[in-house]
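Written out below as structure tokens is the structure these notes cover.
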Amino acid sequence: MSEATMRYGASPRVARRSTHALREGITVGLIGAAIVMLWFFIVDLAAGVPLRTPALLGAALFDGARYVDAVTPTARLVAGYTAVHLLGFVALGVGMAGLFALAEREKRVLALIFMLGCCLAVVFLAMVYLLSQWLGQAMTPAIVLAGHILGFLSMVGGLAYFHGRLMRRMPEALDGE
């Protein structure tokens with residue numbers, strides 16, 4: 001236990017729990033990111049242009065490209081977008097794991113997690129719509145949506161693995177008891 005932890009009165013158990021939540025969040029985030037990247041790799045491979053999706057998204061993110069039909073995948077675009085993608089998913093995973101760790105102590109937080117998940121779903125749908133408008137027909141919204149649904153389900157599956165007992169309590173938490 002660090003001196004700062006001892007000084008402010010946090011127990012070693014709290015420090016261990018926060019470390020566990022951080023590790024769990026990173027794991028869940030990386031799983032979600034990997035599933036989405038694998039999905040897009042398979043779709044791009046089937047279209048005959050491996051790494052097209054991260055190159056398109058990298059071109060839109062870094063170069064402000066719009067209505068791009070043909071982008072040549074370069075290491076800068078693919079690696080840059082992949083780094084942003086991984087960081088985003090890890091941040092989401094850490095946030096979700098933190099909320100689930102809090103829900104272990106207070107079951108009413110499960111209702112908050114459910115509502116936050118619904119809000120994030122709406123934000124994501126708006127993002128997919130805006131991205132499809134930005135890139136024109138270069139990316140099909142259905143493929144983007146399918147990839148991120150797979151990523152979301154894999155993250156929820158990982159959290160259900162880590163918090164199985166808590167997930168079984170979800171219906172009673174949503175009832176407000």
Nearest-0.5 Å distance, CG of residue L45 to CZ of residue R52: 13.5 Å
Shortest non-hydrogen separation from A21 to A97 and the atoms involved: O-CB, 3.4 Å
Donor-acceptor pairs are to be reported for all side-chain atoms of residues 80-92 against protein atoms at under 3.5 Å, with residues two or more places apart or in another chain.
| unit_1 | atom_1 | unit_2 | atom_2 | d |
| --- | --- | --- | --- | --- |
| T82 | OG1 | V78 | O | 2.6 |
| H85 | NE2 | A33 | O | 3.4 |

Heavy-atom side-chain proximity of V28 to V156 below 4.5 angstrom: no
side-chain contact (heavy atoms from CB on, under 4.5 Å) partner of L99, the single match among L116, L110, L159: L116
Heavy atoms of other groups near Y129 OH, more than 12 under 6.0 Å: no
Whether over 12 other heavy atoms sit under 6.0 Å from F152 CZ: no
Inter-residue atom distance F162.CZ - M96.CE, 0.5 Å rounding: 12.0 Å
Value rounded to 0.5 Å, distance of CG in L153 from CE in M155: 11.0 Å
Value rounded to 0.5 Å, distance of CG in L145 from CE in M127: 9.5 Å
Over all atoms of both residues, closest heavy-atom pair of G58 and L77: C-CD2, 3.6 Å
Donor-acceptor list for residues 34-42 side chains, cut-off 3.5 Å, not counting sequence neighbours:
| unit_1 | atom_1 | unit_2 | atom_2 | d |
| --- | --- | --- | --- | --- |
| W39 | NE1 | I143 | O | 3.0 |

Side-chain heavy atoms of L56 within contact of P73, under 4.5 Å: no
In one Ile/Leu/Val/Met/Phe/Trp/Tyr side-chain cluster, 4.5 Å: I113, L120: yes
Parallel, tilted or perpendicular, as decided by the 30° and 60° cut-offs, for the rings of H163 and F100: tilted
